[in-house]
Amino acid sequence: MRYTKRKLTSREKLTVLRLITERRIRMWGRFKISSLFAIIGTFVGIATFFFLGVLVQPAITPYISDYGSGDYFTYVLVGMAFMAYAGISLSMYSNIIRGSYWGNTLEIIMSSPLSFPSFFVMTALWTYFTATLGILLYLLLGVFVFGAGIAITSTFWLIIPLLVLSCIAISGFGLMSGSMFLLADVKGNVEPISWAVGVLSGLVSGVVFPPEIFLTVAPPLYHLSRIIPHTYAIDAFRRTVLNGEGLSNPMVQQDFIMLALFAMILFPLGLYMFARGIRKAERTGKLARWGG
Amino acid sequence: MSIIDLEHLTKTYYVRDPSHNWKTTVKEAVGLKKKKTLTALNDVSLNIQKNEIFGILGPNGAGKTTMLKIIAGLLIPNGGEATVCGFDALKERQDVRASCSFLRSGGWIIFDYKYPLYKNLIFWAVVMGAEYEEVKEEVDAVLKVVGLHEKKSEFPESLSAGERQKLNLARCLLAPRPIFLLDEPTVNIDPYSANFIREYVKNTLVKERDMTVLLATHNLWEAEMICDRIAILHQGRILEVDKTENLKRRFGTEEAVFKIKGGVRGLKSSMEDIPCISDVVVIGDVVKVFGRDLRNNFRQIIDRVDGYGKIEYVDIIQPTINDVFMQLIGEVEGDRE
């Protein structure tokens, strides 16, 4: 038997990815009942917005007429679909750190020739994959059961770079949130950064109603909506999916530029804080749940 | 050839007592209150040779696991230097980590409780850098070594505490690295399996595969059985480090037991001038002589005893590492009192 390698080749990394996926699929299969309930929950969630749409449609039409046919249900459906990805980017890092810490795998992963970023990417790929399945189900139910007006347009491909850019930008907050576990010893389920960004984005970024509503009711909240990437991402997402608008549209251009700026600032900052967190844990002996 | 070099290694932890609150945190932050610290390692210098089984013994909280973590590249010391396999443990931590397999007590928690044993092992071995095809071939052999072969398709949730520890050991065996750090490796394991594992470590890992093993344990008998050298650690300081036999010779007390037919009156005082003897205890017709290096001075002792009567029974009881440990720790604890 030979000693283990100090670095893994791309082929070996793919083997690890395959084993991680196999294990995850098996875990997934173990919780069939919860998967079933999740599907029922999705259905009920969509139905709730469908019926809410019937009620609020007349009042909200002036605010959302820029998006598709101005149908409130379709508007919310697209917003919620995006927020599923945003939620993952925000919470995934702290979830991985928390899970690794309580499951005592953080030290093992640190000792693995699989680099720490590779481990994150591999875990993230599965998480995004399952989220994509969930979103597809969400959209399919929305379109085929509740009649949402979503059609595949010529600019539909833009949602891929848009999602990547949005996920990178929001991952900046996610990494900061993950770093709090190690930097500030925030070991509970509620972490201040992801909580604040999650609550703020849910309220002001335009998931269930457009931020322009605040202009007349509470202007400070409108200004808050301009300092988080979610607002620009959701707007661009809707313009692309519902209007078929592409990069030639100035609004979409502006959204992309803002997202790129957020990504350039937040992601390196998140990485820096995360690295500081790991370094602190290495100094204090808190890579594992129990010291020594 | 030295594979691990520790020079003046120091590690302190920041300790929070139960009365710690936000006021204390603020005071500490602005420097009005000094942070309470615990010194886990205090100026530790050691070098461990390649292909050696090195034991680290010490009471709870002596700093054994801290030392292993620093060697494994998982903990940054406050001072001193550590070189592992030629890599600097401060600057080249990723290379240091890749040089060590670290078996921690309780490390079995990483296993997925509802995933077959052999699949769990393959998964972690590959994550740790072992070749997938090789691991698939080796997994059966390693499960045999730890005595879990018949349970290979079972789930970890059905294993006893000892079996989980065996599984944890199997994980390390499947992803071998030049240095094997064992923290209480046979805890909870039955004596038969534990013995088999010790033999495997000694004969296969060290002799055949050229590995170096660091063993941190409270099982002094186990350390005596397999370690070439032993360091005794107490309150973060190394009290002694030497070959196992040398430690016993230097710090252990031999005991010579005589049963004498005839009178023993005056025997005790007649032995006082023999330098190697520290004490003589007479109980009826049994005389117990304590001292160091009695075996080499045995002729002289026998001559004295023989003059008092007929020797019916004689035995020399050799000291154990347990005696050495008790002696050294006792001296420090005694000084403290």
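Every chain is numbered from 1, with letters handed out A, B, ... down the list of sequences.
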> Cation over ring, B/Lys202 on B/Tyr200, under 6.0 Å and within 45°?
Replying inline: no
> If you tally heavy-atom pairs under 4.5 Å against chain B, which of A/Arg30, A/Met110, A/Met27, A/Arg26 wins?
Replying inline: A/Arg30
> Should we count OH of A/Tyr272 as having more than 12 external heavy atoms under 6.0 Å?
Replying inline: no
> Counting only heavy atoms not in A/Ile33, do more than 12 fall under 6.0 Å of its CD1?
Replying inline: no
>> Tell me which of these, B/Val127, B/Val135, B/Val126, has more heavy-atom pairs under 4.5 Å with chain A than the rest.
In response: B/Val127
> Looking just at side-chain N and O atoms, do B/Thr39 and B/Tyr13 make a donor-acceptor pair shorter than 3.5 Å?
Replying inline: no
>> When you compare the side chains of A/Thr132 and A/Tyr85, does any donor N or O come within less than 3.5 Å of an acceptor on the partner?
In response: yes
> Hey, which residues of residues 7-25 of chain A are touching chain B, say heavy atoms under 4.5 Å apart?
Replying inline: A/Leu8, A/Arg11, A/Glu12, A/Thr15, A/Val16, A/Arg18, A/Leu19, A/Ile20, A/Glu22, A/Arg23
>> For B/Tyr132, which atoms come within 4.5 Å of any heavy atom of chain A: side chain, backbone, both, or neither?
In response: side chain
>> Measuring only between side-chain heavy atoms, which start at C-beta, is B/Leu9 closer than 4.5 Å to B/Asn42?
In response: no
> What part of A/Ser111 is in contact with chain B, defined as an atom under 4.5 angstrom from a non-hydrogen atom: side chain, backbone, both or neither?
Replying inline: both
> When only pairs under 4.5 Å are counted, which of B/Asp183, B/Val96, B/Ile122, B/Asp95 shares the most heavy-atom pairs with chain A?
Replying inline: B/Asp95
> Highest number of heavy-atom pairs under 4.5 Å with chain A: which of B/Leu68, B/Leu74, B/Asn120?
Replying inline: B/Leu74
>> Classify the ring geometry of A/Phe119 against A/Phe116: parallel below 30°, tilted from 30° to 60°, perpendicular beyond 60°.
In response: parallel
> At a heavy-atom separation under 4.5 Å, does B/Asn78 approach chain A through its side chain, its backbone, both, or neither?
Replying inline: neither
> For B/Glu81 and B/His8, what are the C-alpha separation, side-chain angles and deciding distance, and is it a side-chain hydrogen bond (donor to acceptor under 3.5 Å, both in side chains)?
Replying inline: CA-CA 7 Å; B/Glu81 291 173 9; B/His8 307 293; over 6 Å; no
>> Is B/Glu137 close to chain A through its backbone or its side chain, or both, or neither, when contacts mean heavy atoms under 4.5 Å?
In response: neither
>> How close do B/Thr37 and B/Val15 get, counting heavy atoms only, and between which atoms?
In response: C-CG2, 3.9 Å
> So what's closer than 4.5 Å to chain A heavy atoms on B/Ser101: side chain, backbone, both or neither?
Replying inline: neither
>> Students often mix this up, so state it plainly: with edges at 30° and 60°, are the rings of A/Phe181 and A/Tyr101 parallel, tilted or perpendicular?
In response: perpendicular
